[in-house]
> 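One structure is given below, represented as structure tokens, and several questions about it will come after.
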Amino acid sequence: MNLFRILGDLSHLVSIFILLQKMRSTRSCAGISLRTQILYLMVYCTRYLDIFWTFNASLYNSSMKLVFILSTAYTIYLMRTVYKTALDPQIDTFATYYLVGGAGLLAVLFPYKYTVYEVLWSFSIWLESVAILPQLFMLQRTGEAETITTHYLFALGAYRALYIPNWLYRWFLEGHFDPIATVAGIIQTLLYSDFFYIYYTKVLKGKKFELP
Amino acid sequence: AKKAAGHDEL
């Protein structure tokens, strides 16, 4: 466990709280992609299957896993009940089956082992790398975002970006290297690069997030 | 270093 890993996990945790806070404070889920949230729930459910047999291995990991699964399920529940009037299926239209299909194909082609758990783990890693696309696509269609929504996206993107120095650290200092997670994590971070740029040049300078 | 079984990251 190194500083980058802890900061990455905290950033992930913070992103979820910001999302819930966004819905609570604006009483709306406008600007949030339900498709992306459903993909994340799929990611957590397929990756954290091991919670049933490694529950006591690391209380830290197990509690984070539970928090990610439950909070994302709760977010989806809120979006589909309390805040459903703000859902806009006309804007949230990214073809998610291609993402699920692509991740499934990569998982079958490159798992570490051919076991159900390892193939699902690999699937979850690839799916996570592209799960933000419906959200970014939606952002592009609306052309602007509430500031709190951009903080959510920044924290969510920063989480995987912080895992990259963590992987480098582990590779050089512990001899641990995880090629699937690393390649997918780099792709995931690259997908955020445009967003990071606009967040840095606009939101951090007190301006509204608007696409050029 | 102790090698953890399975995947030790989130």
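Everything numeric here is computed off the predicted structure, so don't read it as measured data. Basis for what follows: all heavy atoms, side chains included, without hydrogens, waters or symmetry-related copies. Every chain is numbered from 1, with letters handed out A, B, ... down the list of sequences.
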> Examine whether an atom of A/Trp53 lies under 4.5 Å from a heavy atom of chain B, and if so say whether it belongs to the side chain, the backbone or both; otherwise answer neither.
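Contact with chain B: none, neither part.
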> Is any side-chain heavy atom of A/Ile125 closer than 4.5 Å to one of B/Glu9?
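No, every pair of side-chain atoms sits at 4.5 Å or beyond.
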> Residue by residue, which of residues 58-66 of chain A have a heavy atom closer than 4.5 Å to a heavy atom belonging to chain B?
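Against chain B, the residues of residues 58-66 of chain A that fall inside the cut-off (heavy atoms, under 4.5 Å) are A/Tyr60, A/Asn61, A/Met64, A/Lys65.
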> Quick check: are there more than 12 heavy atoms from other residues, nucleotides or ligands sitting under 6.0 Å from CZ of A/Arg80?
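No - once you tally the heavy atoms of other residues, nucleotides and ligands closer than 6.0 Å, there are 12 at most.
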> Should we count OH of A/Tyr112 as having more than 12 external heavy atoms under 6.0 Å?
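Check passes, neighbour count above 12.
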> Quick check: are there more than 12 heavy atoms from other residues, nucleotides or ligands sitting under 6.0 Å from OH of A/Tyr97?
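For A/Tyr97, atom OH is not crowded (no more than 12 foreign heavy atoms under 6.0 Å).
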> Under 4.5 Å heavy-atom distance to chain B, tell me which part of A/Tyr48 shows up: side chain, backbone, both or neither.
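For A/Tyr48, side-chain heavy atoms alone lie under 4.5 Å from chain B.
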> Show your working on salt bridge (Lys or Arg N to Asp or Glu O under 4.0 Å) between A/Arg5 and B/Asp8 and close with a plain yes or no.
CA-CA 11 Å; A/Arg5 159 83 197 274; B/Asp8 60 356; 5.4 Å; no
> Please tell me if the side chains of B/His7 and A/Glu118 come closer than 4.5 Å, counting only heavy atoms from C-beta onward.
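Sidechains of A/Glu118 and B/His7: in contact.
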> Taking atom CZ of A/Phe4 as the centre, report whether more than 12 heavy atoms of other residues, nucleotides or ligands fall under 6.0 Å from it.
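No.
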> Say whether, by atom type as modelled, one donor and one acceptor occur between the side chain of A/Tyr163 and the main chain of B/Leu10 under 3.5 angstrom.
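It does hold such a pair.
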